[in-house]
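Side-chain atoms are counted along with the backbone in the values below, which use heavy atoms only and exclude waters and symmetry mates.
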Amino acid sequence: VFSSVTSVLNVSIFKDQFVLEDLIQELKKKSAALKFGPLQSNGHISVQGSFPAIKSLRDFLLLKAKSLSEKDKREESKSHQRPKRRLQQHRLTTEASNFVRDADGEKQVVVLDTDIYHYMKCFFSRTFLVNDDVIISDTTDGDITTVYIENAGSRSDAGQVLRVKEKIENQSVELHNALRKERIYFEEHIRDEKQRYKWVCESLKPRYPYVLIIPYDTHIDVIGNPSEIVEFTTEVSN
């Protein structure tokens with residue numbers, strides 16, 4: 001579970017509407033928990049911080065791009081002299097449109113660290129318990145799991161979807177601040193060695209009920225409270 005992640009933003013798309021330095025100052029005030037690197041001449045800037053804070057910044061930029069897109073449409077209805085910039089913004093505008101479309105409550109998306117998602121599913125399964133009016137699905141791509149929450153029918157209460165999304169987000173933020181991960185590598189890549197490690201982990205599990213063990217072909221990930229996983233991995237090694 002990463003306590004910090006780094007993303008590179010390309011804010012050059014906004015240079016026709018904003019002084020980029022002023023935009024960066026606005027972003028810094030908006031996201032005080034994030035650390036911003038220097039603004040490059042090509043409009044790129046690195047941002048470092050927690051995963052939820054990075055996602056919040058992304059959502060803010062998508063909404064700003066959406067507002068610019070709507071402004072462009074109004075201007076385009078009066079004049080057709082700006083096709084180049086419209087094409088340049090197409091991809092970002094499409095993503096922003098998808099984001100804003102979800103804001104009506106019919107469908108919501110939550111992006112989670114995969115390790116946190118596994119921990120939530122194991123120890124906080126009630127977070128994902130919903131009635132028949134709401135459907136939850138997910139897709140995992142490496143370190144990232146995307147959770148989709150949507151209405152089951154036209155009569156469903158849109159507010160339910162938003163409440164489920166907020167419940168998942170709030171739980172994930174708490175776990176993001178509390179969990180850590182240790183990785184135990186197999187000394188030898190042979191079947192007996194892997195089985196021995198897995199057996200030892202399973203035998204220790206009753207003493208560490210809130211430690212999540214995820215076995216892989218080359219290693220075992222141990223996720224939980226920092227002090228507990230340190231004790232756990234030490235005992236496994238011994």
Side-chain angles (χ1 to χ4, degrees), residues 1-7 30-35 47-63 98-152 156-183 201 205-216 220-233:
V1 180
F2 297 104
S3 60
S4 180
V5 294
T6 301
S7 177
K30 179 75 176 177
S31 308
L34 295 174
K35 294 181 180 179
V47 185
Q48 186 178 42
S50 70
F51 188 85
I54 291 283
K55 181 178 178 295
S56 177
L57 176 64
R58 169 186 175 274
D59 293 346
F60 174 75
L61 286 172
L62 287 175
L63 286 176
N98 291 337
F99 173 80
V100 175
R101 180 201 66 200
D102 293 344
D104 60 6
E106 293 182 0
K107 182 178 180 181
Q108 293 290 333
V109 177
V110 182
V111 183
L112 302 173
D113 179 289
T114 297
D115 291 327
I116 289 180
Y117 175 70
H118 287 320
Y119 197 91
M120 289 175 67
K121 290 284 284 186
C122 183
F123 297 111
F124 296 88
S125 58
R126 291 178 62 86
T127 306
F128 299 95
L129 286 179
V130 294
N131 57 33
D132 295 336
D133 294 333
V134 178
I135 298 173
I136 295 181
S137 58
D138 62 78
T139 58
T140 297
D141 182 11
D143 294 332
I144 300 298
T145 294
T146 304
V147 179
Y148 304 91
I149 311 113
E150 54 190 315
N151 280 335
S156 301
D157 177 14
Q160 289 188 73
V161 175
L162 289 171
R163 288 191 291 272
V164 172
K165 178 192 177 186
E166 290 174 359
K167 183 168 66 171
I168 293 174
E169 285 183 330
N170 292 338
Q171 185 65 70
S172 70
V173 170
E174 288 183 17
L175 293 176
H176 186 277
N177 294 329
L179 297 179
R180 293 295 181 269
K181 177 171 73 175
E182 289 287 341
R183 179 163 289 177
C201 288
K205 205 170 183 179
R207 292 169 51 193
Y208 300 90
Y210 296 106
V211 168
L212 178 63
I213 303 166
I214 306 178
Y216 294 94
I220 294 175
D221 282 344
V222 182
I223 303 169
N225 178 279
S227 60
E228 286 192 336
I229 63 172
V230 169
E231 292 178 10
F232 184 91
T233 53

Q: Say whether, by atom type as modelled, one donor and one acceptor occur between the side chain of Thr146 and the main chain of Val111 under 3.5 angstrom.
A: no
Q. Sequence neighbours excluded, which residues qualify as side-chain contact (heavy atoms from CB on, under 4.5 Å) partners of Glu174?
A. Gln171
Q: Report the residues that fulfil side-chain hydrogen bond (donor to acceptor under 3.5 Å, both in side chains) with Ser125, sequence neighbours left out, ordered by chain and then residue number.
A: none
Q: Can you sort out the partners of Ser227 under side-chain contact (heavy atoms from CB on, under 4.5 Å), two or more places apart, ordered by chain and number?
A: Asn225
Q. Does Thr127 reach the main-chain N or O of Ile168 with its side chain, forming a donor-acceptor pair under 3.5 Å?
A. no
Q) What distance do Arg163 atom CZ and Ile149 atom CD1 have between them, rounded to the nearest 0.5 Å? A) 13.0 Å
Q: Hey, can you tell me if Phe124 and Tyr119 have their rings parallel, tilted or perpendicular (30° and 60° cut-offs)?
A: tilted
Q: Report the distance from atom NE2 of His118 to atom CD1 of Ile223, rounding to the nearest 0.5 Å.
A: 7.5 Å
Q. Counting only N and O atoms by type, is there a donor-acceptor contact under 3.5 Å from the side chain of Ser56 to the main-chain atoms of Ala53?
A. no
(Q) Testing the basics here: between Ile213 and Cys201, what is the closest heavy-atom pair and its distance to 0.1 Å? (A) CD1-O, 3.6 Å
**Q.** Minimum heavy-atom distance between Val222 and Phe232, given as atom pair plus value
**A.** CG1-CD2, 3.7 Å
Q. Which pair of non-hydrogen atoms, one from Leu57 and one from Ser31, has the smallest distance, and what is that distance?
A. CD1-OG, 3.7 Å
Q) For the residue pair His176 and Phe51, what are the closest heavy atoms and their distance? A) NE2-N, 3.7 Å
Q. Is a side-chain N or O of Thr233 found less than 3.5 angstrom from the main chain of Ile229, in a donor-acceptor match?
A. yes
Q. Which atom pair, heavy atoms only, marks the closest approach of Ala178 to Pro226?
A. O-CD, 3.4 Å
(Q) Can you tell me how far apart CG (Asn170) and NZ (Lys165) are? Round to the nearest 0.5 Å. (A) 11.0 Å
Q.
Please report the interatomic distance CG(Leu112) to CD1(Ile144), rounded to the nearest 0.5 Å.
A. 8.5 Å
**Q.** Of Asp138, Thr114, Asp115, Asp113, the residue whose pairing with Thr145 passes side chain to side chain donor-acceptor pair (under 3.5 Å)
**A.** Thr114
(Q) Restricting to non-hydrogen atoms, name the atom on Val161 and the atom on Glu150 that form the minimum distance, rounded to 0.1 Å. (A) CG2-C, 3.9 Å
Q. Should the ring pair Tyr117 and Phe128 be called parallel, tilted or perpendicular, given that the plane angle runs from 0 to 90° and is split at 30 and 60?
A. perpendicular
Q) At what distance, to the nearest 0.5 angstrom, does CD of Gln108 lie from CD of Glu169? A) 8.0 Å
Q | Inter-residue atom distance Ile135.CD1 - Tyr148.OH, 0.5 Å rounding | A | 14.5 Å
